[in-house]
Amino acid sequence: MTRPLRAIVDPGALRHNYALARQLAPRTRMFAVVKANAYGHGVERAVRAMGEDVDGYALLEMDAAVRLRESGYGGRIALLEGLFEPREVQEVLQHRLAIVVHHREQVEMLRGLPAGSAVDVMLKVNTGMNRLGFHPNEFAPVLEALRANAAVGAVTLLTHFAQADDARGVAWQLDVLNRLPGIEGLSRSLANSAALLRYPETHADWARPGIMLYGVSPFAGQTGAELGLRPAMTLESRIIAVRELEPGETVGYGGVYTAKRRARIGVVACGYADGYPRHAPSGTPVLVCGRVVPTVGRVSMDMLCVDVSVVPEAGVGAPVVLWGAGNPVEGVAEAAGTIGYELLCALAPRVPVAEAMAVRERQG
Ligand SMILES: *Cc1c(COP(=O)(O)O)cnc(C)c1O
């Protein structure tokens, strides 16, 4: 038998979540964000699921952008961090990629290109995130420089929200945006998942949902399921050993968990080398035979332990869901002091990925 750990990606869930984004913003076009290997789901797989219907894809890895274009996708493909060095303009021209321009050096990189190249530029303005983007005072001269460059085609105004997921919201950043001079007539791209879900006034021309497409909530204390989303990834494994503990015995490295009473412990084939967070404390939820049970002791490289005292049928081979269907990744992340985004993106390359469709077909 092969090691039982695998990630199951459900193309139907990806399609459902994309359709929900569309429904929330029916007049807005969508960049499906597929950076970081589609948040761990696999770019090719995510694109195959969402398909040509998607108005555009956004990511920041050049090699993945080129592969996507070469696969025959004809829509807009945006590089969210733009060019890192001048020679990349060749790929941008050859593969008709849209590029974010967020600092002066990137404006310079576009000089001297053939007139009529129609480079699709997304001009990023810093409205308060203070990460990437031009200061509002630089906006007018930069827009002018871009418009004076005959190689530049359409210009889209872009900004990113820092707190669309929490109480501060987006109004303070929209105020900055709306005071920019000369933005009438520019197409706009503003909303991430949180803004798309919560603030219709941010929908604008092009939205950029990421995490919601994978079925995960961008909001603390709320799961994707509560927002009508379906988890696209389920990380599943099996119990590979079971043992009885006497009161006072400890589990795993460092002996950080001590049994208070007799307990049955299941050893699960999944550890931090698979992307499961090592800092997940005892008590992190795991689904065994359909029941939620707590992890016990430290997560090790290839294994973790769960208390299955209340699941007598959980023997060797019992099915385990680390996160996904029946065990929301948001809950696992919260227990581990992180967010679902990080867990999905950290899925390790050694974990085989299968598609839910194929599994269902095998089962008839
Ligand atoms: C990652 C990213 C997004 C998507 O954000 P989610 O919170 O996953 O929806 C949108 N825009 C930019 C610029 C990003 O970097």
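Counting starts at 1 for both ligands and their atoms, following the listed order.
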* Leu174 and side-chain contact (heavy atoms from CB on, under 4.5 Å): which partner among Leu190, Thr159, Thr127? -> Leu190

* Kindly compute the distance separating OH (Tyr73) from CZ (Arg48), expressed to the nearest 0.5 Å. =>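 Spacing of OH (Tyr73) from CZ (Arg48) equals 16.0 Å.
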
* For residues Tyr18 and Arg22, is any side-chain donor paired with an opposing acceptor at under 3.5 Å? ->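 Checked: Tyr18/Arg22 side chains pair up, N/O donor to acceptor below 3.5 Å.
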
* To do: Establish, from distance only, whether the side-chain atoms of Arg188 and Thr156 form a donor-acceptor pair under 3.5 Å.
  => no

* Asked: Between His102, Glu81, Lys124, Arg208, which one has a non-hydrogen atom sitting closest to atom 3 (C) of ligand 1?
  -> Arg208

* Asked: Checking Arg298 against Tyr257: charged group under 6.0 Å from the ring centre and within 45 degrees of the axis?
  ->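 So Arg298 doesn't make the cation-pi contact.
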
* Asked: Quick one: does NZ or CZ of Arg168 land under 6.0 Å from the six-membered ring centre of Trp172, within 45 degrees of the ring axis?
  ->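 Judged by the rule (NZ or CZ under 6.0 Å from the ring centre, within 45° of its axis), Arg168 counts as positioned above Trp172.
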
Name the closest protein heavy atom to [atom], giving the residue it belongs to and the distance to 0.1 Å.
{"atom": "atom 15 (O) of ligand 1", "answer": "Lys35 NZ, 2.7 Å"}
{"atom": "atom 9 (O) of ligand 1", "answer": "Ser193 OG, 2.5 Å"}
{"atom": "atom 7 (O) of ligand 1", "answer": "Tyr341 OH, 2.6 Å"}
{"atom": "atom 12 (C) of ligand 1", "answer": "His160 CE1, 3.4 Å"}

* **Polar atom proximity, Ile211 to ligand 1 (N or O, under 3.5 Å)** =>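 Looking only at distances, the answer is yes, because the N/O contact criterion of under 3.5 Å is met.
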
* Asked: Hey, does Gly210 come in under 3.5 Å of ligand 1, counting only N/O atoms on both sides?
  ->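 By distance alone, the answer is yes.
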
* To do: Check ligand 1 against Tyr39 and write out every atom of the ligand that is under 4.0 Å from a heavy-atom position of the residue.
  =>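 Heavy-atom distances to Tyr39 below 4.0 Å select 1 (C), 4 (C), 5 (O), 6 (P), 8 (O).
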
